[in-house]
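To keep things clear, I will list the structure first and then write my remarks on it.
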Amino acid sequence: MIGLVYKDLMVLKKHLRYYMIFLVVYGGMTAAGMGPGILGAVICIVGMILPMSSIAYDEQARWDKYAAATPAGRAGIVGGKYLFALAVIVGMTALVLLCMVLLHLTGLVEDSLADLVLIALSCGGAALFLNAVTLPLMLKFGAEKSRTISMGLFVVIFGGSALAAMMLKRQVKLPVPPAWLLNALPVVLALLAVGSLAVSYCVARAIYERKEL
């Protein structure tokens, strides 16, 4: 399984370099006053696109048929994709958080370190949830057929987040959750993200075991 993850990293290493430039550009936009949320969105963008690109490349090369005949088998293919997505999301979350801390230390971002950590971790959790929904679809129908659903889900989540932020900025009164829920929210979101990914893996594995390659 580790070998399959390494294969994906090698195939997509050029893309990884491009996304480093992407990270710098969004970091500059954050420093220009657009807020750290836009930098956090990079986690979700890269965390969705790279696993999708990995599956698309495998389809073009007809890699699945060969990989299924290896000792890793179908279970290894599914596990490798989930492990690859997890590695990408964790790595991007760490890089984005590092950029945010550097911007904070240089005075280019006024948000507190606690808020920056919360933003980065929340975006990382959102990326996990997005992959939990889209990976079974991509393994079932292929990357191309699932692309529209994935992008639509991304737009809905971040469009809703942007709308909520705009309403708060304009001091629109929204329902206030109980204090205990607000305090436990980071833990609840983390459990939701990890739990959804675990359930998603089981679903994707069951789907892939019955798929004709």
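- Qualifying side-chain contact (heavy atoms from CB on, under 4.5 Å) partners for Leu102, counting only residues two or more places apart in sequence or in other chains: Leu98.
- Side-chain contact between Lys140 and Lys211 is absent, with no heavy-atom pair separated by less than 4.5 Å.
- Put simply, the side chain of Leu9 reaches to within 4.5 Å of the side chain of Phe84, judged on heavy atoms.
- Panel note: side chain Arg74, backbone Ala68; no donor-acceptor pair is recorded below 3.5 Å.
- Residues Leu103 and Met29 share a single hydrophobic cluster, defined by chaining ILVMFWY side chains whose heavy atoms lie under 4.5 Å apart.
- Phe141 pairs by the ring pair (Phe, Tyr, Trp, His ring centres under 6.0 Å) definition with nothing, not counting sequence neighbours.
- Side chains of Ile55 and Leu135 form a contact here, defined as non-hydrogen atoms less than 4.5 Å apart.
- When atom types are taken as modelled, the side chain of Thr134 and the backbone of Leu130 share a donor-acceptor pair closer than 3.5 angstrom.
- For the side-chain contact (heavy atoms from CB on, under 4.5 Å) test with Tyr19, the passing option among Val42, Leu50, Leu12, Val24 is Leu50; the others fail.
- The two residues Leu39 and Gly27 make their nearest non-hydrogen contact at CD1-N, 3.8 Å.
- If you chain together hydrophobic residues whose side chains sit under 4.5 Å apart, Leu86 and Leu139 fall into the same group.
- Counting only residues at least two apart or in different chains, side chain to side chain donor-acceptor pair (under 3.5 Å) contacts with residues 37-50 are absent.
- Under the 4.5 Å side-chain contact rule for hydrophobic residues, Met34 and Val25 share a cluster.
- In terms of heavy atoms, Met100 sits closest to Gly40 at CE-N, 3.8 Å.
- Of all heavy-atom pairs between Pro51 and Ala85, the closest is CG-CB, 3.7 Å.
- Rounding to the nearest 0.5 angstrom, the gap separating the CE atom in Met138 from the CD1 atom in Ile207 is 12.0 Å.
- For the pair Thr70 and Leu4, the minimum side-chain heavy-atom distance is 4.5 Å or more.
- Every pair passing side chain to side chain donor-acceptor pair (under 3.5 Å) that includes a residue from residues 102-129 is listed here, sequence neighbours excluded: Ser112-Asp115.
- Across every non-hydrogen atom of Gly47 and Val88, the tightest pair is CA-CG1, 4.1 Å.
- With a 4.5 Å cut-off on side-chain heavy atoms, Val5 and Lys81 do not count as touching.
- Two residues are said to be in side-chain contact when any heavy atoms from C-beta on lie closer than 4.5 Å; Cys99 and Leu23 meet this criterion.
- The CG atom of Leu197 lies 5.5 Å from the CG atom of Leu128; values are rounded to the nearest 0.5 Å.
- Residue pairs meeting the side chain to side chain donor-acceptor pair (under 3.5 Å) criterion with at least one member in residues 28-50: none, sequence neighbours excluded.
- Look at Asp8 and Lys13 and you find no salt bridge, because none of the NZ, NE, NH1 or NH2 atoms lies under 4.0 Å from a carboxylate O.
- Residues Met20 and Ile38 are members of one and the same hydrophobic cluster, defined by side-chain heavy-atom contacts under 4.5 angstrom among Ile, Leu, Val, Met, Phe, Trp and Tyr.
- Here ring pair (Phe, Tyr, Trp, His ring centres under 6.0 Å) pairs that include residues 38-58, with residues two or more places apart or in two chains, are His15-Tyr57.
- Under the side-chain contact (heavy atoms from CB on, under 4.5 Å) test applied with Leu116, the options Val101, Val109, Leu121 reduce to a single match, Val109.
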Yes or no on ring-ring contact (aromatic ring centres under 6.0 Å, His included) for Tyr26 and Phe22, after CA distance, side-chain angles and deciding distance?
CA-CA 6 Å; Tyr26 272 68; Phe22 200 60; 4.7 Å; yes
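- Of all the heavy atoms in Val203 and Pro136, the pair that sits closest is CG1-CB, 4.5 Å.
- The closest side-chain donor-acceptor pair between Tyr201 and Arg205 falls under 3.5 angstrom.
- In the hydrophobic clustering of this structure, Val46 does not group with Tyr18; members are Ile, Leu, Val, Met, Phe, Trp, Tyr whose side-chain heavy atoms approach within less than 4.5 Å, directly or through other members.
- Of the possible donor and acceptor atoms, none in the side chain of Tyr82 sits under 3.5 Å from a partner among the backbone N and O of Asn131.
- Closest heavy-atom contact between Ala126 and Cys44: CB-SG, 3.9 Å.
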